[in-house]
Structures are given as C-alpha cells and as structure tokens.
Amino acid sequence: MEKGIGQSKRLKLTDILVTVVIAAVFGVVYKVWGPMYNIVQPLGLHAEQLIYGMWFIAATFAFVLIRKPGVAVLAEVAAASVETFFGGEWGVTTLVYGLMQGLGAELVFAMFRYRLANVWVVSLAAIGSGVASLLVDSYYGYIESLTFWNYCLFIGLRLLGSVVIAGLFASLLAGALEKTGVTSLLRPASRADYDALT
C-alpha cells in the first residue's frame, strides 16, 4: 500500500503551523490584490470576476500540500484574517467570505474523501469556493439587481477565474514545489503524490 496522500488524516501541530504560514503569505497577497480588482473593474462586462479566484487560492494550495481534513477552511479563514488585519478593503465581511470560501473547497475535497489532489479535483474545489462566495454576495445583496444575462455573465466569469487561478495555477504552483522536495518535510512523498498532480 502506498503511503503519502494522508497516511494520517488527523492534523498535527506541524500541519497547522504550515497551513497558517501559507495563509499568512496569501493573506498579504489578498490585501495587495484588492486594488487590482478595482483597476480591472472599469473595463466593464464583469472583467474583474476573472481575477476573483485569487481569493480562493489559499484553500486549494494548502490542501494540495497537506491533504488533510480542515486544511482548506483553516487556510482560507487564516488568510482572510491576515487580509483584515492589514486593513483589507472589505473589513470584517472578509472573514465571512473566508469561512464560506474555505467551506466550499473543503466540501469538494471531502466528497473525494481527501484522497485526491489532482488538477480536476482542485479545480472543482475552486468552483466550490466560487459558488460559496456567490452565496455570500447574494446574502449581502451585492448582485441582486443584475439582469438575468448580466447575472449569468457575472457567475460564469467568476467560476472561470476560480478554475484558472485557484485550480490550475494553484496546482501548478504546488506541483513545482513538490518537485523541489520541500514537501517531504510535511509528509512522505510517494509515486501517488506525483501522479495526483498530473
């Protein structure tokens, strides 16, 4: 039996610390990414939704590296907390988004019993985060005034951006890190680990 992909499903202190460090890095990225959203927005046709997926990447990236239950939620909430701490534009609501987006990804990983971390599963998890963010948008009334076609375009571009950034890019980034051997400090690498990334 191959070991590697979650030989122990319980989070250890090391897993938690690594997840928090990853989240701290992405929390700073999230803060820097806020103005980028505002720069792209004037282009119209919801072009800013194509870059929205960056706010989900902590959850997917952290899971690909650690592959244990709870990692996606922990990473996303911690990243949102760091963003808020550094004066994120959306204040405390950022934490609500972080929790829901983390849960969206976590549910997808749970569907596959935390055993798969290939690009398809990670992309589905990114979509899960995207859907969760849309639910929060609806709750706060941010998108209720859109017409049907506008609403479809908005949703489609957000989910596409989610797949590209939090799915494909997160998988490529984690894959590059895997090949350096650094992740062997987190868990024993196996053939299945490398295969799961392709």
Side-chain angles (χ1 to χ4, degrees), residues 11 13 15-38 40-41 46 48-112 114 117 121-144 154-155 157-171 173-174 186:
L11 280 175
L13 179 59
D15 301 323
I16 294 170
L17 291 176
V18 170
T19 301
V20 170
V21 169
I22 291 169
V25 171
F26 281 115
V28 173
V29 172
Y30 288 3
K31 171 65 176 86
V32 174
W33 204 249
M36 181 69 68
Y37 183 86
N38 296 327
V40 176
Q41 199 167 28
H46 303 302
E48 75 282 355
Q49 297 307 311
L50 288 171
I51 67 167
Y52 203 99
M54 183 60 78
W55 281 291
F56 314 146
I57 198 170
T60 53
F61 180 78
F63 177 79
V64 173
L65 294 186
I66 299 172
R67 304 181 197 179
K68 291 185 178 180
V71 166
V73 173
L74 175 60
E76 198 63 24
V77 170
S81 300
V82 171
E83 182 185 3
T84 303
F85 177 78
F86 282 111
E89 299 175 44
W90 295 280
V92 180
T93 58
T94 302
L95 299 176
V96 177
Y97 276 94
L99 175 61
M100 292 300 292
Q101 290 163 185
L103 284 171
E106 191 77 37
L107 287 172
V108 173
F109 293 131
M111 282 170 50
F112 293 92
Y114 300 98
V121 173
V122 175
S123 294
L124 281 175
I127 290 172
S129 290
V131 170
S133 73
L134 289 164
L135 292 175
V136 181
D137 278 352
S138 296
Y139 176 79
Y140 283 113
Y142 295 152
I143 55 178
E144 62 186 13
F154 185 95
I155 292 172
L157 291 180
R158 181 174 297 187
L159 296 184
L160 176 61
S162 301
V163 169
V164 171
I165 298 175
L168 302 178
F169 180 65
S171 294
L173 191 61
L186 304 176

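Just so we're clear, the structure is a prediction, and the values are computed from it rather than from any experiment.
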Hey, what do you get for CZ (Phe26) to CD (Glu76), rounding to the nearest 0.5 Å? 10.0 Å
Using a 3.5 Å cut-off and no angle test, enumerate the donor-acceptor pairs between side-chain atoms of residues 56-64 and protein atoms at least two apart in sequence or in another chain.
{"from": "Thr60", "atom 1": "OG1", "to": "Ile57", "atom 2": "O", "distance (Å)": "3.3"}
{"from": "Thr60", "atom 1": "OG1", "to": "Ala166", "atom 2": "O", "distance (Å)": "2.7"}

Taken to the nearest 0.5 Å, the spacing of Thr94 OG1 from Glu83 CD works out to 4.5 Å
Here the gap from Ile127 atom CD1 to Leu160 atom CG, rounded to the nearest 0.5 Å, amounts to 9.5 Å
If every non-hydrogen atom of Ile66 is compared with every non-hydrogen atom of Asp15, which pair is closest and at what distance? CD1-O, 3.6 Å
Going by heavy atoms in the side chains, are Leu65 and Val18 under 4.5 Å from each other? no
Student check: side-chain heavy atoms of Leu11 and Pro69 closer than 4.5 Å: no
Please assess Val71 against Tyr114 for the test side chain to side chain contact (heavy atoms under 4.5 Å, CB included), listing each intermediate value before the final yes or no. CA-CA 10 Å; Val71 166; Tyr114 300 98; over 6 Å; no
With salt bridge (charged side-chain N to carboxylate O under 4.0 Å, His left out) as the rule and sequence neighbours excluded, what pairs involving residues 96-112 come up? none
Any sub-3.5 Å donor-acceptor pair from Ser129's side-chain atoms to Gln101's backbone N or O? yes
Residue pair Phe112 / Leu124, side-chain heavy-atom distance below 4.5 Å: yes
Flag, side chain of Trp55 to backbone of Trp33, donor-acceptor distance under 3.5 Å: no
Contacts satisfying side chain to side chain donor-acceptor pair (under 3.5 Å) that involve residues 158-167 (not counting sequence neighbours) are Gln49-Arg158, Ser133-Arg158, Asp137-Arg158
